[in-house]
Amino acid sequence: QVQVVESGGGLVQAGGSLRLSCAASGRTFSGYAMGWFRQAPGKEREFVAAISWSGDSTYYADSVKGRFTISRGNAKNTVSLQMNSLKPEDTAVYYCAGRLDVSGRNVYTVRGEYDYWGQGTQVTVSS
């Protein structure tokens, strides 16, 4: 069982930056494709970014493309989301998610494709 723990949320002004981190508790992310999702009040949880186990493939939602960057740590046991040029509409609870992918190449963009989820971290962008 993989336990996923997010950190790095907070309050930032529009145009600012935040870096979210995701780590595994109890085991590693070895062999796991990872993703970030977010959920704003009153809205459905939506896809933000995904990265393959190998780290060679990434995919982004159009709303964050060019502003957010997903990456894996050197040992691939952590996943980060660098968020730049933040906008008030980026305000949400951000969730890290993982799923096993033995190919190492795939990315996943659908919520139901992930098996493990963190508790979420709040990101608030003020105007």
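This one's a predicted model, so the numbers in the text were calculated from it and none came from an experiment.
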Are a donor atom and an acceptor atom from the side chains of Ser52 and Asn106 found within less than 3.5 Å of each other?
no
With a 4.0 Å cut-off on N to O distance, would you call Lys65 and Asp62 a salt bridge?
yes
Is the backbone of Glu113 close enough, under 3.5 Å, to the side chain of Arg99 for a donor and an acceptor to pair up by distance?
yes
Closest non-hydrogen contact found for Asp101 with Trp53 is O-CB, 4.4 Å
Derivation and outcome, side chain to side chain contact (heavy atoms under 4.5 Å, CB included), residues Asn77 and Tyr32:
CA-CA 9 Å; Asn77 289 330; Tyr32 280 73; over 6 Å; no
Assess the residue pair Met34 and Cys22 against the criterion (side chain to side chain contact (heavy atoms under 4.5 Å, CB included)); give the C-alpha distance rounded to whole Å, side-chain angles, the decisive distance to 0.1 Å, and a yes or no.
CA-CA 9 Å; Met34 304 298 296; Cys22 176; 4.1 Å; yes
Determine whether Arg72 and Thr78 satisfy the following criterion, side chain to side chain contact (heavy atoms under 4.5 Å, CB included), listing intermediate values before the conclusion.
CA-CA 6 Å; Arg72 304 191 78 117; Thr78 59; over 6 Å; no
In terms of ring plane angle, is the pair Phe37 and Tyr114 parallel, tilted or perpendicular, where the classes change at 30° and 60°?
perpendicular
Does this structure show an ion pair linking Glu46 with Arg38, if we count only N-O contacts that are shorter than 4.0 Å?
yes
Check: Ser25 side chain, Gln3 main-chain N or O, donor-acceptor pair, under 3.5 Å
no
Consider side chain to side chain contact (heavy atoms under 4.5 Å, CB included). Of Trp117, Tyr116, Trp36, which one does Cys96 pass it with?
Trp36
Does any non-hydrogen side-chain atom of Phe47 lie less than 4.5 Å from one of Tyr60?
no
